[in-house]
Amino acid sequence: MRRNLPSRSHYAAEVKPELDGSRVSLIGWVHEIRDLGGIKFILLRDVSGICQVTVRKENLPQQLLEKIEDIGSEDVVYVEGLVKNQPKARLGVEVILEKIDILSRASRPLPYDVTGKVSAGIDTRLDHRILDLRNPENNAIFKIADTVLAAAREFFRMNNFIEVRTPRIIVTATEGGAALFEVKYFDSKAYLAQSPQLYKEELVTVFERVFEIGPFFRAEESHTRRHVSEFTSIDIEAAFLDLYGVMEILERLIVHIYKRVIEERSKELELLSIDLKVPELPFPRYTYDDMLKELKDSGMELEWGEDFGTEHLRILGEKHKGYYFITHFPTKSKPFYIQPCEDNPELSESFDLMYSWIELASGGTRISDRKLLEKRLIEQGLNVKAFEYHLKVYDYGMPIHAGWGLGLERLLMVLVNKNNIREVILFPRDKFRLTP
RNA sequence: GCCCUGGUAGUAUAGUCCGGUUAGUAUACGGGCCUGUCGAGCCCGGGACCCGGGUUCAAAUCCCGGCCAGGGCGCCA
């Protein structure tokens, strides 16, 4: 026997003045109740938004009134009633209740206030994340994230990229540097991938242009508002392009995402009080040397070859408020697979995409010559033998190629103007949080 | 890993410096009043000093240790 499932005639946000006089049925969660005695207002929330259900007690049978007295915040209810234009209601329309069924009860009191009347710290919010996400302002972030992901996939397909999936369980470090999580893999040790770097480079010899959107893991002991242990990377790799080609793809992707979010998520942007403007192309480009000079002019000397610290980036961010690229970093500050410049091997064909002082993406031209790659592995103190499977691919015809990795959550922080990365991750993971 | 700050009802906070009545407020929750609320309003109620040790006549308050949390640095997306 099939279950008898509750069904609605309309979503809450579809209850508009044009429906005046018609009968509707709604299903949702009780967002808020305001009881004025003879009249009672129930704000009913579903995925589309909130609608006001009005209870006029005078004409209702006792049995129904008792049922209404019994409902509480976050109960799941089915409601039937007549739509009525109502200038006194903020939305200009309300549903006069005729029938209500409680489909599921929420406990009382709830451990967390969904309506957001009392502010809560990020830790408390994350402890009660599901309730926290019911707040329309908070779930708007993830509706925007949905559009960002859809827009990115759409953009990549328009540009002949093929979506690939590379292993999350790997046998060795791909880049050295970042700390890896160790996992038990049957009778041996394995690690959680920190990047798809080597796989996507290998795959350009098959598909020419690949992209991957997926989670990666860093076991860093970071304790900041912009680091977590599990994050989402939007990665591309493309044959027959160098850093300039993939920088163009990156800035055009950002613009495409902005356009789609503005088109499809105006309501969510409004909820978050964000006035999103499509950034202008091209994004400004500066070299590492340019930035060193800028820092010097600001009274902050940095020795050539040193990577920028947060202190330096904050100064650069003061001056460059929006998106901009920094290119041609010193080779020694970059991973082994980055192509050194032909005319000056101390510099590399690398770039970072910045937004103010935040690093959003980094990438560059990759080394496509096996000999050079081996030399760089040795220079960085890595074990060449461990990379044998990867190095072999360079013997099978490896074209010049370039790519980048973009931090999805970092981009979201910029889009929705949040200064803690945990706000834009449904269930964030960091050194101190493994639940919920 | 290093550094700074904090831990008081479900939540957010006042009080802590300078130890001393019943630990205050808001909101949530329960009860009452209220026919146009939309941060509803008014009245009533229950609900808290992170844990352990020390100092003291007396500790939310001072000291030590632990645990937990927020943030910064390094590293990076």
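These figures come from a predicted structure and were not determined experimentally. So you know, we letter chains A, B, ... as the sequences are listed, proteins then strands, and number each from 1.
Closest to the side chain of A:Ala120, from the set B:rU37, B:rG72, B:rA12, is B:rA12. Listed candidates were B:rC76, B:rG74, B:rA40. Nearest to the side chain of A:Glu32 is B:rA40. Taking only side-chain atoms of A:Asp35, from C-beta outward, the nucleotide of B:rG39, B:rA77, B:rC34 with the closest atom is B:rC34. Proximity note for A:Lys117 (side chain, C-beta onward) versus B:rC75, B:rA28, B:rU11: the nearest is B:rA28. If you check B:rG74, B:rA28, B:rC75 against the side chain of A:Thr310, the one that comes closest is B:rG74. You'll find that the side chain of A:Ser222 is closest to B:rG74, out of B:rG74, B:rA77, B:rG70. Here B:rA28 is the nucleotide among B:rG71, B:rA12, B:rA28 with the atom lying nearest to any side-chain atom of A:Pro109. Side-chain proximity of A:His223 to the nucleotides B:rA77, B:rG39, B:rG1 is greatest for B:rG1. Nearest to the side chain of A:Val118, among B:rU37, B:rG71, B:rA26, sits B:rA26.
Residue A:Glu409 is out of contact with every strand shown, counting any heavy-atom pair closer than 4.0 Å. Nucleic acid contact for A:Arg225: sugar-phosphate only, since backbone atoms but no base atoms lie under 4.0 Å from a heavy atom of the residue. In this structure, A:Phe432 reaches the sugar-phosphate backbone alone: every heavy-atom distance under 4.0 Å involves primed, P, OP1 or OP2 atoms, never a base. Counting non-hydrogen atoms under 4.0 angstrom, A:Ser233 reaches nothing in the nucleic acid. Counting non-hydrogen atoms under 4.0 angstrom, A:Gly37 reaches a base of the nucleic acid. If you check every strand for non-hydrogen atoms under 4.0 Å, A:Leu360 touches sugar and phosphate atoms only. At the heavy-atom level, A:Ser362 lies under 4.0 Å from the strands shown only through sugar-phosphate atoms. At the heavy-atom level, A:Thr115 lies nowhere under 4.0 Å from the strands shown. A:Gly72 comes within 4.0 angstrom of no nucleic acid atom, judged by non-hydrogen atoms across all strands. Among the heavy atoms of the strands lying under 4.0 Å from A:Asn420 are primed sugar atoms or P, OP1, OP2 only; no base atom is included. The residue A:Arg125 sits apart from the nucleic acid: no heavy atom pair falls under 4.0 Å. A:Arg108 comes within 4.0 angstrom of the backbone, heavy atoms only, and of no base.
Using C1' as the reference atom, B:rU27 and B:rA40 are 14 Å apart when rounded to the nearest Å. Taking the C1' atoms as reference points, B:rG7 lies 11 Å from B:rA60, given to the whole Å. Nucleotides B:rU22 and B:rC3 have their C1' atoms positioned 42 Å apart, rounded to a whole Å.
The CD atom of A:Glu69 sits 9 Å away from the P atom of B:rG31 (whole-angstrom rounding). Between the CD1 atom of A:Ile33 and the C1' atom of B:rC29 there is a distance of 12 Å, rounded to whole Å. Protein atom CG of A:Asn419 is 14 Å distant from nucleotide atom P of B:rG70, rounded to whole Å. Following rounding to the nearest Å, A:Gln194 (CD) and B:rC75 (P) show an atom-to-atom distance of 15 Å. A:Asp307 has its CG atom 15 Å from the P atom of B:rC73, to the nearest Å. Atom P of nucleotide B:rC34 and atom CD1 of A:Ile39 are separated by 14 Å, given to the nearest angstrom. Counting to the nearest Å, the P atom of B:rC76 and the CD1 atom of A:Ile358 are 15 Å from each other. When rounded to the nearest whole Å, the span between CG of A:Asp123 and C1' of B:rG71 equals 13 Å.
Judged by Watson-Crick or G-U wobble contacts below 3.5 Å, the nucleotide B:rC67 has B:rG7 as its partner. Figure legend. B:rC2 is base-paired to B:rG72; pairs are counted as Watson-Crick or G-U wobble with both atom distances under 3.5 Å. Pair assignment for B:rA28: none, as no Watson-Crick or G-U wobble contacts are both less than 3.5 Å. For B:rA23, there is no paired base (Watson-Crick or G-U wobble, both distances below 3.5 Å).
Paired with A:Asp146 under the rule salt bridge (charged side-chain N to carboxylate O under 4.0 Å, His left out), one option of A:Arg260, A:Arg153, A:Arg265 passes, and it is A:Arg265. When each of A:Tyr323, A:Tyr324, A:Phe325 is paired with A:Tyr355, the ring-ring contact (aromatic ring centres under 6.0 Å, His included) condition holds for A:Tyr323 and for no other.
Residue order along RNA chain B, read from the 5' end via each residue's closest nucleotide, puts A:Glu221 first among A:Glu221 and A:Lys334. In terms of position along RNA chain B, the nucleotide closest to A:Pro111 lies nearer the 5' end than the nucleotide closest to the other residue of the pair A:Ile421 and A:Pro111.
Between the base of B:rC76 and the side chain of A:Glu359 there is a donor-acceptor pair shorter than 3.5 Å. With hydrogens and angles left out, the side chain of A:Arg410 and the base of B:rC76 share a donor-acceptor pair within 3.5 Å. For A:Arg218 against B:rA77, a side-chain-to-base donor-acceptor contact under 3.5 Å is present.
Ring centers of A:Tyr288 and A:Phe308: under 6.0 Å apart, within the cut-off. Between A:Phe211 and A:Phe155, the distance separating the two ring centers is not shorter than 6.0 angstrom.
A salt bridge links A:Asp127 to A:Arg433: one of the charged nitrogens lies within less than 4.0 Å of a carboxylate oxygen. A:Glu270 has no carboxylate O lying under 4.0 Å from a charged side-chain N of A:Lys267, or vice versa, which leaves the two without a salt bridge. In summary, A:Arg285 and A:Glu251 engage in a salt bridge, as defined by a charged side-chain N under 4.0 Å from a carboxylate O.
Ring-to-base geometry places A:Phe231 in a stacked arrangement with B:rA77 (centre distance under 5.5 Å, plane angle under 30°).
In this structure, A:Asn85 contributes its side chain and A:Val93 its backbone to no donor-acceptor pair below 3.5 Å.
Atom CD of A:Glu163 sits in a crowded spot, with more than 12 heavy atoms from other residues, nucleotides or ligands closer than 6.0 Å.
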